[in-house]
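First comes the structure, then the notes that go with it.
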Amino acid sequence: QVQLVESGGGLVQAGDSLRLSCAASGRTFSRNAMGWFRQAPGKEREFVAVTTWSGSNIAYADSVKARFTISRDNAKNTVFLQMNSLKPEDTAVYYCAAGRVADIYSRVYDYWGQGTQVTVSS
């Protein structure tokens, strides 16, 4: 079992930055691929970014590429999402997820956090 707790969300203005954290507890965190997803009101959950357990393979959604950076610190059992140049369309609940395979599809992830709200005003 892996438990995930996100933090770092908030209300910011367009152009601002936020850094989300996802603290994991439980066994084998360092062997899990970690992903970030988001869900806006009335929309389906969508892929944001993913990293393999080693950090050697990383992928981003086109909508956040060059603005968001995913990273992880396996010693601290934490994965981060640095979000720069935020836009109103980035407003959503952001979730971290852990799974055996790094993938853009949410269905392959075994564990999910409760989510953290990010609101970007124009």
Side-chain angles (χ1 to χ4, degrees):
Q1 286 281 349
V2 176
Q3 294 78 42
L4 305 172
V5 178
E6 302 96 333
S7 61
L11 172 62
V12 297
Q13 293 186 333
D16 285 350
S17 298
L18 276 176
R19 189 191 196 201
L20 304 184
S21 299
C22 174
S25 59
R27 62 184 182 91
T28 67
F29 167 79
S30 64
R31 294 291 176 176
N32 279 284
M34 297 297 297
W36 284 98
F37 291 78
R38 66 186 182 186
Q39 188 166 18
K43 295 187 177 181
E44 294 187 353
R45 190 169 298 188
E46 66 174 2
F47 166 74
V48 175
V50 63
T51 176
T52 54
W53 70 270
S54 67
S56 60
N57 289 296
I58 290 175
Y60 298 96
D62 288 343
S63 59
V64 307
K65 202 170 293 183
R67 299 189 298 123
F68 290 12
T69 303
I70 188 171
S71 61
R72 65 189 296 164
D73 184 339
N74 288 339
K76 297 182 178 180
N77 290 347
T78 303
V79 63
F80 305 97
L81 186 68
Q82 177 67 42
M83 306 186 295
N84 299 329
S85 303
L86 283 162
K87 304 176 181 180
E89 51 264 44
D90 294 319
T91 296
V93 177
Y94 284 70
Y95 300 90
C96 69
R100 289 165 289 178
V101 178
D103 203 288
I104 66 172
Y105 296 104
S106 60
R107 62 178 179 267
V108 307
Y109 290 85
D110 301 308
Y111 305 102
W112 291 84
Q114 83 289 347
T116 185
Q117 176 70 46
V118 172
T119 302
V120 185
S121 63
S122 57

Distance-only, no hydrogens or angles: does the Thr78 side chain make a donor-acceptor pair with backbone N or O of Lys76 under 3.5 Å?
yes
Please round to the nearest 0.5 Å and tell me the distance separating atom CE of Met83 and atom CZ of Arg19.
11.5 Å
Passes side-chain contact (heavy atoms from CB on, under 4.5 Å), Arg38 versus Glu46? Steps please.
CA-CA 5 Å; Arg38 66 186 182 186; Glu46 66 174 2; 2.6 Å; yes
Would you name the heavy atoms of Pro88 and Ser121 that are closest together and state the gap between them?
CG-C, 4.5 Å
Could you report the tightest heavy-atom contact between Phe37 and Asp103, atom names first, then the distance?
CZ-O, 4.2 Å
Quick check: closest heavy atoms across Ile70 and Tyr60, and the distance to 0.1 Å?
N-OH, 2.9 Å
Applying the 4.5 Å side-chain criterion to the ILVMFWY set and letting contacts propagate, would Met34 and Leu18 be lumped into a single cluster?
yes
Answer yes or no: is there a donor N or O on one side and an acceptor on the other, between the side chain of Thr91 and the main chain of Val120, under 3.5 Å?
yes
Just say parallel, tilted or perpendicular for the rings of Tyr94 and Phe68, cut-offs at 30° and 60°.
tilted
Heavy atoms of Gln82 and Ser17 approach each other most closely as NE2-CB, 3.9 Å
Are Ile58 and Val64 connected into the same hydrophobic cluster when the rule is that any two of I, L, V, M, F, W, Y join if their side-chain heavy atoms are below 4.5 Å apart?
yes
Would you mind reporting whether Asp73 and Phe80 have side-chain heavy atoms less than 4.5 Å apart?
yes
Separation between CG (Asn32) and CG (Asp110), nearest 0.5 Å, reads 7.5 Å
Please answer whether the main-chain N or O of Thr52 pairs with a side-chain N or O of Arg72 as donor and acceptor at a distance below 3.5 Å.
yes
List the atom of Val2, the atom of Ala98, and the distance in Å for their closest heavy-atom pair.
CG1-CB, 4.5 Å
Identify whether Leu81 and Trp112 are in the same connected component of the hydrophobic contact network (ILVMFWY, side-chain heavy atoms under 4.5 Å).
no
Would a distance-only check, ignoring hydrogens and angles, find a side-chain to backbone donor-acceptor pair under 3.5 Å from Glu6 to Leu20?
no
Gap between atom CG of Asp16 and atom OG of Ser85 - 0.5 Å precision:
9.5 Å
Shortest non-hydrogen separation from Val79 to Ser71 and the atoms involved:
CG2-O, 3.0 Å
I'd like to know if Tyr109 and Val93 are part of one continuous hydrophobic network [Ile/Leu/Val/Met/Phe/Trp/Tyr, side-chain heavy atoms within less than 4.5 Å].
yes
Please determine if Asp90 and Lys87 form a salt bridge, counting it only when a charged side-chain N lies under 4.0 Å from a carboxylate O.
no
Cluster check Val50, Tyr105: I/L/V/M/F/W/Y, side chain < 4.5 angstrom:
yes
